[in-house]
Amino acid sequence: MKIGIAGTGRMGAAIATRLLGLGRAVIVWNRTPQKTQALAATGAAVAATPQELSTNSDIVISMLKDAAAIDATYHGEHGLLAGDVRGKLFIEMSTVRPEVERLLAARAKETGAALIECPVGGTVGPAKEGKLFGFVGGDAADVERARPLLKELCRRVEHVGGIGAGASMKLAINLPLLVYYQALGEALSLCRSVDIEPARLIDIFSDTSGAPNMLKVRGPAIAATLQGKETTPVTFDVNLIRKDLRTMLDEAAGLGVHLPLTAQALKRYDEAAQNGLGASDATMLPVYWLRHERT
Ligand SMILES: NC(=O)c1ccc[n+]([C@@H]2O[C@H](COP(=O)([O-])OP(=O)(O)OC[C@H]3O[C@@H](n4cnc5c(N)ncnc54)[C@H](OP(=O)(O)O)[C@@H]3O)[C@@H](O)[C@H]2O)c1
């Protein structure tokens, strides 16, 4: 079975690396071709267009930035759905609004293909280790067809409903996490006069009810930022977080619900981006808030 991967940014490349490590036949495509070179060197075939990718794959995973990227990659002149894709299975993994996945699944169905969504929890490290959390939406038969592959990528695969349900779950789960980075920055600014080592400070936080699971994993990186170090490599950057928060707010507006904390958090991330942090890792946000002098 040939597995195609459309989008070899940080997450798509990590997923490709995982599958290559398991000995799977992997073919990749990326808008910026240079980002496929390292994968080609470790055994991936490279397609020149999304159409060539889907033509030569049995299952295609797409891991793209946002709705515009999905639109360009699936529906472009040489897009994923441009050729004969009858009988093929697409697994859409990007973090986007449920409506995007629903429309895409309907378009795929018109071409004779099947499409499920599986946005994921977890970042580059878990992706390389096959320890993502998959929030799956789609028809049961298609999900079962995808399950063996998803199990190679995810520590847990949850089929949460029809197409769109996975996107709703993913947006919902990211919400407290993204608000938390800002909350942690504010909490740390109350500790300015507490004179203990950053590593110990973050360790104390992470062992209390003042921390989500994320802090147990990313705590050392955050402690390092408190000592003035940059978090590298960047796995989840501030600009991508702004995209996620905007997506949540758009979705909430569509549902007629209010997310006041989320709206405030977005303003803080926007401000951080204006101050040069857009391409920096999320773990830089709390220390930015702590250090940035306000008038
Ligand atoms: N990073 C994380 O920790 C994380 C975790 C879970 C989920 N996610 C979600 O996973 C998705 C990918 O994230 P990432 O971290 O891999 O982002 P990334 O490194 O910025 O990669 C984005 C990918 O989208 C492609 N892309 C962007 N605009 C495009 C367009 N108009 N046409 C075609 N391709 C386009 C990029 O191609 P180029 O290389 O040509 O720009 C690249 O392959 C996002 O939806 C994100 O919210 C991320």
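Note that ligands are numbered from 1 as they come in the structure, with each ligand's atoms numbered from 1 the same way. All heavy atoms count here, side chains included; hydrogens, waters and symmetry mates do not.
When the heavy atoms of K35, R31, R10, E92 are ranked by distance to atom 31 (N) of ligand 1, first place goes to R31. Of all the listed residues (I70, L64, D237), L64 holds the heavy atom that lies closest to atom 11 (C) of ligand 1. Compare D71, T95, I241 by their heavy atoms: the one nearest to atom 9 (C) of ligand 1 is in T95.
Regarding atom 21 (O) of ligand 1, its nearest protein heavy-atom neighbour is G9 CA, 3.4 Å. In terms of protein heavy-atom proximity, atom 33 (C) of ligand 1 is nearest to T73 OG1, 3.4 Å. For atom 13 (O) of ligand 1, the nearest protein heavy atom (residue, atom name, distance) is L240 CD2, 3.7 Å. Atom 3 (O) of ligand 1 has T123 OG1, 2.7 Å as its closest protein atom, hydrogens excluded (heavy atom only). At the shortest separation from atom 4 (C) of ligand 1 among protein heavy atoms lies M11 CG, 3.6 Å. In terms of protein heavy-atom proximity, atom 1 (N) of ligand 1 is closest to T235 O, 2.6 Å.
The main-chain N or O of L240 is found under 3.5 Å from a side-chain atom of D237 such that the two form a donor-acceptor pair. The backbone N or O of K65 lies less than 3.5 Å from a partner atom in the side chain of K243, making a donor-acceptor pair. Not a single donor-acceptor pair under 3.5 Å links the side chain of R10 to the backbone N or O of V124. Distance alone, capped at 3.5 Å, is enough to place a donor-acceptor pair between the Y269 side chain and the L178 backbone.
An N or O contact shorter than 3.5 Å is missing between M93 and ligand 1 by distance. Any N or O atom pair closer than 3.5 Å counts here, and M63 shares no such pair with ligand 1. Geometrically, ligand 1 and D66 share no nitrogen or oxygen pair separated by less than 3.5 Å. Remark: ligand 1 and K170 share no N or O pair separated by less than 3.5 Å (distance only, no angle test). Distances between N or O atoms of A72 and those of ligand 1 include no value under 3.5 Å. Looking at ligand 1, you'll find an N or O of K65 within less than 3.5 Å of one of its N or O atoms. For ligand 1, the polar-atom distance check finds an N/O of N30 within less than 3.5 Å of one of the ligand's N/O atoms.
Atoms of ligand 1 lying under 4.0 Å from at least one heavy atom of D244, given by number and element, are 47 (O). Under a 4.0 Å criterion applied to the non-hydrogen atoms of G7, ligand 1 contributes the atoms 43 (O). Shown in contact with V120 at under 4.0 Å from a heavy atom are these atoms of ligand 1, numbered in order with element: 6 (C), 7 (C). Listed by atom number, the atoms of ligand 1 under 4.0 Å from A69 heavy atoms are 26 (N), 27 (C), 28 (N), 29 (C), 30 (C), 31 (N), 32 (N), 35 (C).
Using a 4.5 Å cut-off on side-chain heavy atoms (C-beta onward), T95 and T247 make no contact. Side-chain contact between I59 and K88: absent, with no pair of heavy atoms (C-beta onward) separated by less than 4.5 Å. Annotation: side chain of D281 is not in contact with side chain of T225 (no heavy-atom distance under 4.5 Å). The shortest side-chain heavy-atom distance between E251 and P98 falls under the 4.5 Å cut-off.
Note that CG of L104 and CG of L80 are 9.0 Å apart. Values are rounded to the nearest 0.5 Å. Note: T283 OG1 to K229 NZ = 13.0 Å, rounded to the nearest 0.5 Å. Atom CZ in R145 sits 8.5 Å away from atom CG in D58 (nearest 0.5 Å). The line from CG of D139 to CG of L115 is 10.5 Å long, rounded to the nearest 0.5 Å. The distance from the CG atom of L89 to the CG atom of L149 is 8.5 Å, given to the nearest 0.5 Å. Put simply, CE on M284 and CD on E230 are 4.0 Å apart, with the number rounded to the nearest 0.5 Å.
The pair K170-E117 does not meet the salt-bridge criterion, since no charged nitrogen lies less than 4.0 angstrom from a carboxylate oxygen.
Heavy atoms of V96 found under 4.0 angstrom from ligand 1: none, in either backbone or side chain. The proximity of T8 to ligand 1, defined as any non-hydrogen pair under 4.0 Å, is limited to the backbone. By the criterion of a heavy-atom distance under 4.0 Å, both the backbone and the side chain of T32 are placed next to ligand 1.
In this structure, G122 has a heavy atom closer than 4.0 Å to ligand 1. Between K243 and ligand 1 there is a heavy-atom distance shorter than 4.0 Å.
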